[in-house]
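Here is the structure we will look at.
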2 protein chains.
Amino acid sequence: METILPKFDSVFSIDCVIFGFDDGELKILLIKRNEEPFKDWWALPGNIIQHDQSIDLAAERILYELTGLKDIFMEQFHTFGDVNRHPQGRVITVAYYAMIRLNGTKELKPISNYASKAVWIPVNDLPKLAFDHEKIFSRGFDKIRNKISYQPIAFELLPEKFTLTQLQQLYEVILSKKLDKRNFRKKMLNYGILKELDEKQKGVSYRAAKLYKFDKRKYAKLFQKELTFSS
Amino acid sequence: METILPKFDSVFSIDCVIFGFDDGELKILLIKRNEEPFKDWWALPGNIIQHDQSIDLAAERILYELTGLKDIFMEQFHTFGDVNRHPQGRVITVAYYAMIRLNGTKELKPISNYASKAVWIPVNDLPKLAFDHEKIFSRGFDKIRNKISYQPIAFELLPEKFTLTQLQQLYEVILSKKLDKRNFRKKMLNYGILKELDEKQKGVSYRAAKLYKFDKRKYAKLFQKELTFSS
DNA sequence: AATATAGTGTGTATTCTTTACACTAAGTAA
DNA sequence: TTACTTAGTGTAAAGAATACACACTATATT
């Protein structure tokens with residue numbers, strides 16, 4: 001039973017709730033812990049913050065080591081600092097969420113020292129998690145549920161080209177409610193932040209839908225105005 | 001030039017943006033630093049987090065030591081972790097905002113070791129601040145500006161009994177825009193979260209306005225619904 | 001007693017936004 | 001050719017947001 005942390009000192013860490021959207025399901029990336037405490041438990045990916053690294057960089061590093069991805073949308077959402085959240089000493093953790101595109105199946109990089117594997121698990125089907133990670137996850141989920149209503153973060157989860165139905169499904173799983181198709185499309189198209197492409201969906205056994213792209217330039221123009229994406 | 005922090009270790013601290021509303025002005029509480037670095041500069045009240053103290057408690061302690069107040073509305077809003085934000089070593093700081101009632105003039109408690117005085121300063125008239133405290137303040141201000149639009153935090157800043165005009169003025173200073181009196185009153189009263197009292201304002205040399213209270217019980221009932229308090 | 005002053009308190013019409021709701025069109029598979 | 005599955009579309013009604021101006025009341029002043 002190794003002691004990683006000296007009992008007498010505080011340590012800072014990062015934990016990440018990494019969202020992906022695949023096959024109509026919202027998932028997060030979990031790792032299986034290799035080490036005590038909570039050996040063999042599922043946990044959020046995380047790590048100690050190094051002295052020469054800003055916390056934002058530390059978060060990006062974790063994501064990169066796990067997925068090989070860079071320049072991903074990430075944002076800090078809360079810092080958890082209860083005295084006893086870590087059984088081996090005082091660890092304060094800054095939590096981030098990230099959103100990544102799972103185009104089909106994304107290969108995960110081999111995992112480093114402290115975890116034996118990393119897997120995408122649907123948010124509606126999560127196992128028990130180590131430490132206070134369930135609390136962290138649920139607060140992160142609240143955060144994106146709230147944020148998606150007024151910021152265009154949904155597009156970070158979709159492939160670059162997507163159909164309006166896919167976009168709507170994503171809103172529905174995040175908000176956990178059904179939306180009206182006609183109203184949703186009307187509203188989305190009205191914002192003028194989608195570019196309609198000349199392409200259509202391929203490989204479906206029914207009428208193919210038009211593809212759209214998120215138009216960052218138009219969005220930037222409207223940026224001063226707040227948009228409302230929910231309901 | 002004393003060195004408070006060992007160069008080789010990380011330290012966690014708390015900084016607080018403490019808002020008060022007085023005489024039509026929004027103010028925050030600043031302290032004058034007694035010690036290096038940034039001796040004699042104005043700064044946000046803050047402190048090191050002790051090992052046996054959760055970060056929420058640490059924040060409450062700072063507020064209590066400074067104002068003698070307990071059970072005040074406080075919320076964490078961001079953690080600042082740039083490598084060089086503190087000239088003497090790595091200090092990661094968790095920032096909180098608080099809102100307190102300044103009924104007339106509130107006496108501040110005598111200040112502890114690291115500060116020579118604490119003063120209420122209007123947010124529109126802030127001096128240069130130590131460290132990255134300007135950034136912290138401005139993010140905290142953004143936070144309440146955003147939050148006041150959908151949560152009843154404004155009442156934390158007003159005396160228990162207030163007039164609709166006072167309430168409107170507070171919204172106006174936080175949102176930095178003029179609001180229409182008739183629309184504001186209509187909207188506020190429609191929410192049904194204000195209790196109209198049988199009392200009137202006293203000591204004014206013009207027609208006295210009715211006093212209202214925030215009705216927490218009614219608010220709790222509506223709580224599932226999000227309210228919109230802006231515009 | 002009359003008047004000036006300063007802030008309180010109120011209603012309506014217009015525009016914009018949100019919601020509710022159901023059928024035809026297009027493509028694929030048999 | 002037919003059956004199946006999803007794409008794509010419009011309108012009416014209700015609700016929310018905005019714009020806008022004047023009479024009322026309490027006090028202070030002369």
Side-chain angles (χ1 to χ4, degrees), chain A residues 23-25 148-150 158-159 161-173 175-213 222 224-231, chain B residues 21 23-25 148-150 152 158-159 161-173 175-213 222 224-231:
Chain A
D23 201 16
E25 277 191 315
I148 200 181
S149 304
Y150 60 93
L158 291 172
K161 300 170 182 182
F162 52 85
T163 69
L164 287 178
T165 302
Q166 287 169 338
L167 183 61
Q168 182 177 343
Q169 281 169 349
L170 176 54
Y171 272 85
E172 288 179 340
V173 300
L175 298 172
S176 319
K177 67 176 174 192
K178 270 274 171 214
L179 301 175
D180 179 87
K181 183 160 62 156
R182 278 176 291 191
N183 293 338
F184 181 82
R185 294 162 97 93
K186 201 192 324 175
K187 199 169 175 182
M188 271 299 156
L189 294 173
N190 259 344
Y191 287 134
I193 58 172
L194 296 183
K195 187 189 289 172
E196 183 178 334
L197 303 176
D198 279 337
E199 279 175 86
K200 298 204 162 180
Q201 232 178 348
K202 279 181 187 135
V204 288
S205 69
Y206 46 78
R207 175 178 179 183
K210 271 187 226 158
L211 291 172
Y212 291 80
K213 262 177 135 167
L222 297 174
Q224 32 283 60
K225 289 198 202 179
E226 291 245 324
L227 306 184
T228 310
F229 294 93
S230 65
S231 88
Chain B
F21 180 62
D23 201 16
E25 276 190 316
I148 201 180
S149 305
Y150 59 92
L158 291 173
K161 301 171 183 181
F162 51 85
T163 69
L164 287 178
T165 301
Q166 287 169 337
L167 183 60
Q168 182 177 343
Q169 281 169 347
L170 176 54
Y171 271 84
E172 289 179 341
V173 299
L175 298 172
S176 319
K177 67 175 173 191
K178 269 272 171 217
L179 301 175
D180 179 87
K181 183 159 62 154
R182 277 177 290 192
N183 294 338
F184 180 82
R185 294 161 98 93
K186 201 190 324 174
K187 199 169 173 180
M188 270 301 156
L189 294 173
N190 259 344
Y191 288 134
I193 58 171
L194 296 183
K195 187 188 290 172
E196 183 179 333
L197 304 176
D198 279 337
E199 279 174 86
K200 299 206 161 178
Q201 233 179 349
K202 277 180 189 135
V204 289
S205 69
Y206 45 79
R207 176 179 179 183
K210 272 185 225 158
L211 291 171
Y212 291 80
K213 262 176 133 166
L222 297 175
Q224 32 283 58
K225 289 198 203 178
E226 292 245 323
L227 306 185
T228 310
F229 293 93
S230 64
S231 89

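Letters A, B, ... are given to chains in the order of the sequence lines, protein chains preceding strands, and every chain is numbered from 1.
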Requested in this report: Apply side-chain contact (heavy atoms from CB on, under 4.5 Å) to Lys187(A) and Leu179(A), showing your working.
Outcome: CA-CA 12 Å; Lys187(A) 199 169 175 182; Leu179(A) 301 175; over 6 Å; no
How many Å lie between [atom1] on [X] and [atom2] on [N], as a whole number?
X	N	atom1	atom2	result
Asn190(B)	dG15(D)	CG	C1'	11 Å
Lys210(A)	dT6(D)	NZ	C1'	14 Å
Lys178(A)	dT19(C)	NZ	C1'	17 Å
Gln168(A)	dT9(D)	CD	C1'	14 Å
Lys187(A)	dT11(D)	NZ	P	21 Å
Met188(B)	dA16(D)	CE	P	15 Å
Leu167(A)	dG8(D)	CG	P	13 Å
Phe184(B)	dG11(C)	CZ	C1'	19 Å

Taking distance alone, no hydrogens or angles, what donor-acceptor pairs closer than 3.5 Å link side-chain atoms of residues 204-213 of chain A to residues at least two apart or in another chain?
| unit_1 | atom_1 | unit_2 | atom_2 | d |
| --- | --- | --- | --- | --- |
| Lys210(A) | NZ | Glu196(A) | OE2 | 3.2 |

Just the atom pairs and distances: protein N or O near nucleotides 1-3 of chain D's N or O, under 3.5 Å.
none

Distance, nearest 0.5 Å, that separates [atom1] of [X] from [atom2] of [Y]:
X	Y	atom1	atom2	result
Arg185(A)	Leu164(A)	CZ	CG	5.0 Å
Lys195(B)	Leu197(B)	NZ	CG	7.5 Å
Phe162(B)	Leu194(B)	CZ	CG	5.0 Å

Query raised in the report: Of the options Leu175(A), Thr165(A), Leu158(A), which is the one that meets Leu170(A) in a side chain to side chain contact (heavy atoms under 4.5 Å, CB included)?
Result: Leu158(A)
**Report entry** Reading 5' to 3' through nucleotides 21-30 of chain C, protein heavy-atom contacts under 4.0 Å coded B for base, S for sugar-phosphate only, - for none
**Finding:** BB--BBSSS-
Query - Partner set under salt bridge (charged side-chain N to carboxylate O under 4.0 Å, His left out) for Lys161(A), not counting sequence neighbours - result: Glu199(A)
**Report entry** salt bridge (charged side-chain N to carboxylate O under 4.0 Å, His left out) partners for Glu25(A), two or more places apart
**Finding:** none
**Report entry** Axis bend over the full length of the helix from dA1(C)-dT30(D) to dA30(C)-dT1(D), computed from five pairs that close each end, to 10 degrees
**Finding:** 0°
Query raised in the report: Between Asn183(B) and Asp180(B), what is the shortest heavy-atom contact and its length?
Result: N-OD2, 2.8 Å
Query raised in the report: How would you list, by chain and number, every residue that makes a side chain to side chain donor-acceptor pair (under 3.5 Å) with Glu172(B), sequence neighbours excluded?
Result: Gln168(B)
Query - Pairing residues for Lys200(A) by the side chain to side chain donor-acceptor pair (under 3.5 Å) criterion, not counting sequence neighbours - result: none
Query raised in the report: Has Arg185(A) got a side-chain N or O lying under 4.0 Å from the OP1 or OP2 atom of dG8(D)?
Result: yes
Report task. Look at all strands and tell whether Thr165(B) reaches a base, only sugar-phosphate, or nothing, counting heavy atoms closer than 4.0 Å. Result -> sugar-phosphate
